[in-house]
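Reading through the structure tokens given below for one structure.
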Amino acid sequence: MTGFARLALAGLMATTSIIALPQLAAAQDGQPGGTLRILGTADIDHFDPTSAALVTSNNFLRAVTRQLISYAASTDEAARITPEGDLATEVPQPSNDGLTYTFKLRQGAQWNAPSGARQITSADFERGIKRMCNPLLGSAALTYYQDLIVGLADFCSGFSKVEPTVEAMKAYIEGNDITGIETPDDETIVINLTQKAGDFIYMLSLPTSAPAPVEVLDYLPDGPDYRSNFIASGPYTPGDYTPDSSLQLVRNPAWTAESDPLRKAYVDDIQITFGLQPDAVLQQLQSGDGDMTYDITIPPAILQLLTATGDEKLMTVSSGATAFLFINTVSENNNGALRDLKVRQALNYAIDKAAIVQQSGGPTVGQPVNGIFGPGVLGYHDFNLYPSPDAKGDPAKAKELLAEAGYPDGITLKMPFRNQNNEPAIAQTIQASMAAAGITLELTPVAPADYYSKFMTNPVNTKEGTWDIAPVGWTPDWAGGSARSVFQPQFSFNGTHQTYNYTDYNNPKANELAQQAINATTPEEVGKLWSEVDELVMADAPVVPYLANKVVLYRSAAVQNFQPYALGVQGDWTNVWIQR
């Protein structure tokens, strides 16, 4: 086993775990046919894999796209967290002192192109990477790749000057190359990196780096025309679609089982229904009127009942996910009060994390968290710069800091929240704990499908002070030693605004240590460096961490072979079968 593989496995082994594990049927007993019915609250954020960012969307993209690298869905931890070739015939070891990766594409993997099934080629892969730079609608994950792949930063720089029209963007993509990606023939991809990166293989499992067929350049990224002319490479392709209501996935005629070692595609079609309430969804699963959930958080009362009865269809999965308040240090609200460290520290002291854990379903599904990394991420460690008794908050200390900052009578802040699942109740819990410290929160509900895609990621909202603090969540983007995927998009700034670092937060010393962690070669060194990064960031208090949550999954009795897919943190739609 190489040093790279040991490091990766150590990180992966700590990342996900299943608490309750029922006996499952073996995959080879699969029963083809039938409809898998998925029930959820909100629509998919993006069809376009380049711009998709939510963990839940990864389940949709697992069904309709393919990546160079992916994972087997499995209840076996070692299998679930080990990178495998998806479009690539195998996971390569790097050459050139760790700087060059060479992939061979799997033959028979095809696009469902308008002109007929067509082999996916190396040029399609390079095109997919190029699309991440699109200034009109790029990729939230671009920061991982931009300075890592040789020549990608220059390509993106050139793209930023292109007129945002379909014609101009297509001409730029097809007329310019990324110098660090070589495509000597249709089935060979050579990627050259600027530096060693032990997590590069895992980045290639993200849908954002999926290949793109040339036809998609005829549409605006993820626009209505893109969606209605979607070109699938996975076993399913979008059929009937009514935004915010329903989406049907039907079989992709260009996909063949022989070309895909990771997806069995047992069911004939997948019917996703949006706009449902969690209570109703759980009732439908229990009555057999639905099969699996999409973005449902099981209500605490129902969760307690299912746990008490020992329901074997209940499963909890830890994904390294955390929830926290992002603090807006950009706006002029309250004369720029949130730029004052003491005010941000006051927020950290004020919050009652224990109450939030209880509101979320209790210790079975969550625990208080005090840093930017959740349990399971290499670099997570037990520390707390703003402690309070039993994690219930210290309103007296918060008031003291506010007074020192010039706010002896407290302060009023705007806090939006996603009107979904138990998030309104959590918002009210946060509001109550802040009130005890003299901080008045004005709550604003936002539609779940708009919260990130249109509200939080709109920099105008941040600059104009539409929000002061905002509850957000983050799940590491890939399975593995994944601290980079938490830190880099949210807590680093290189001069280019990133989608999820809402305030352009930056700490040069933390950046320096993070870079050392990315280049480190042993799990011990990696963990130590990332833990130092965590403490440096929390000393600045740009966020208020409050919950490390596990994902609770539930399914109907008809669902067989329910095995989690690591990136979707959900049973794999492409490998379950239905028995009713």
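In this text the structure is predicted, and so the values were computed from the model without any measurement.
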Tell me yes or no: between the side chains of [X] and [Y], is some donor less than 3.5 Å from an acceptor?
X      : Y      : answer
Tyr505 : Asp540 : yes
Asn511 : Gln515 : no
Thr293 : Gln570 : yes
Asn370 : Lys353 : yes

Tyr565 vs Ser70, test: side-chain contact (heavy atoms from CB on, under 4.5 Å). Steps then yes/no.
CA-CA 10 Å; Tyr565 162 52; Ser70 192; 4.0 Å; yes
What I'd like to find out is whether the side chain of [X] reaches to under 4.5 Å of the side chain of [Y], using heavy atoms alone.
X      : Y      : answer
Leu152 : Cys133 : yes
Phe417 : Trp467 : no
Ile372 : Gln490 : no
Lys130 : Phe159 : no
Asn422 : Pro299 : no
Pro471 : Met415 : yes
Phe493 : Thr503 : no
Glu423 : Pro448 : no

Output, in order, the C-alpha distance, side-chain angles, deciding distance and verdict of side-chain contact (heavy atoms from CB on, under 4.5 Å) for Thr297 and Val365.
CA-CA 10 Å; Thr297 298; Val365 298; over 6 Å; no
Is the backbone of [Y] close enough, under 3.5 Å, to the side chain of [X] for a donor and an acceptor to pair up by distance?
X      : Y      : answer
Asp504 : His497 : no
Asn335 : Ala337 : no
Ser485 : Ser482 : yes
Asp352 : Ala354 : yes
Arg344 : Leu338 : yes
Asp295 : Ala42  : yes
Thr194 : Asp147 : yes
Asn333 : Gly465 : yes
Asn348 : Tyr386 : no
Ser433 : Ile351 : no

Is the distance from the ring center of Phe324 to that of Trp474 below 6.0 Å?
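Ring-ring flag for Phe324/Trp474: false, centres at least 6.0 Å apart.
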Centre-to-centre under 6.0 Å for Phe60 and Phe47, is that the case here?
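Between Phe60 and Phe47, the centre distance is under 6.0 Å.
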List the steps, then state whether side-chain contact (heavy atoms from CB on, under 4.5 Å) holds for Thr466 with Lys414.
CA-CA 7 Å; Thr466 306; Lys414 301 174 185 176; over 6 Å; no
How far apart are the C-alpha atoms of Phe155 and Ile129, what are their side-chain angles, what is the distance that settles it, and do they pass the side-chain contact (heavy atoms from CB on, under 4.5 Å) test?
CA-CA 10 Å; Phe155 181 87; Ile129 297 293; over 6 Å; no
Distance from [X] atom [atom1] to [Y] atom [atom2], nearest 0.5 Å?
X      : Y      : atom1 : atom2 : answer
Thr457 : Gln498 : OG1   : CD    : 13.5 Å
Ile518 : Phe487 : CD1   : CZ    : 8.0 Å
Tyr407 : Asn334 : OH    : CG    : 6.0 Å
Gln146 : Asp154 : CD    : CG    : 9.5 Å
Leu513 : Lys528 : CG    : NZ    : 8.0 Å
Phe200 : Gln195 : CZ    : CD    : 11.5 Å

Minimum heavy-atom separation for [X] and [Y], please, with both atom names.
X      : Y      : result
Ala140 : Ala53  : CB-CB, 4.5 Å
Pro363 : Val357 : N-CG1, 4.1 Å
Thr462 : Ser331 : O-CB, 3.5 Å
Tyr452 : Leu54  : CD1-CD2, 4.3 Å
Arg484 : Ala197 : NH2-CB, 3.7 Å
Val537 : Ala510 : CG2-CB, 4.3 Å

Can you tell me if CD on Glu404 sees more than 12 non-hydrogen neighbours from other groups inside 6.0 Å?
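Yes.
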Out of the candidates Leu282, Asp279, Leu39, Val552, only one should pair with Ile296 under the side chain to side chain contact (heavy atoms under 4.5 Å, CB included) rule; please name it.
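The single option meeting the side chain to side chain contact (heavy atoms under 4.5 Å, CB included) with Ile296 is Leu282.
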Side chain to side chain contact (heavy atoms under 4.5 Å, CB included) with Ser57: which of Ile44, Asp48, Leu567, Asp43?
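For Ser57, the side chain to side chain contact (heavy atoms under 4.5 Å, CB included) check succeeds only for Ile44.
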Aromatic plane relationship, Tyr451 with Phe455 - under 30° parallel, 30 to 60° tilted, over 60° perpendicular:
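Phe455 and Tyr451: parallel rings.
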For the residue pair Phe274 and Tyr294, categorise the inter-ring angle as parallel (less than 30°), tilted (30 to 60°) or perpendicular (more than 60°).
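Phe274 vs Tyr294 ring planes: perpendicular.
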Stepwise side-chain hydrogen bond (donor to acceptor under 3.5 Å, both in side chains) test for Glu442 and Thr444:
CA-CA 7 Å; Glu442 297 177 346; Thr444 305; over 6 Å; no
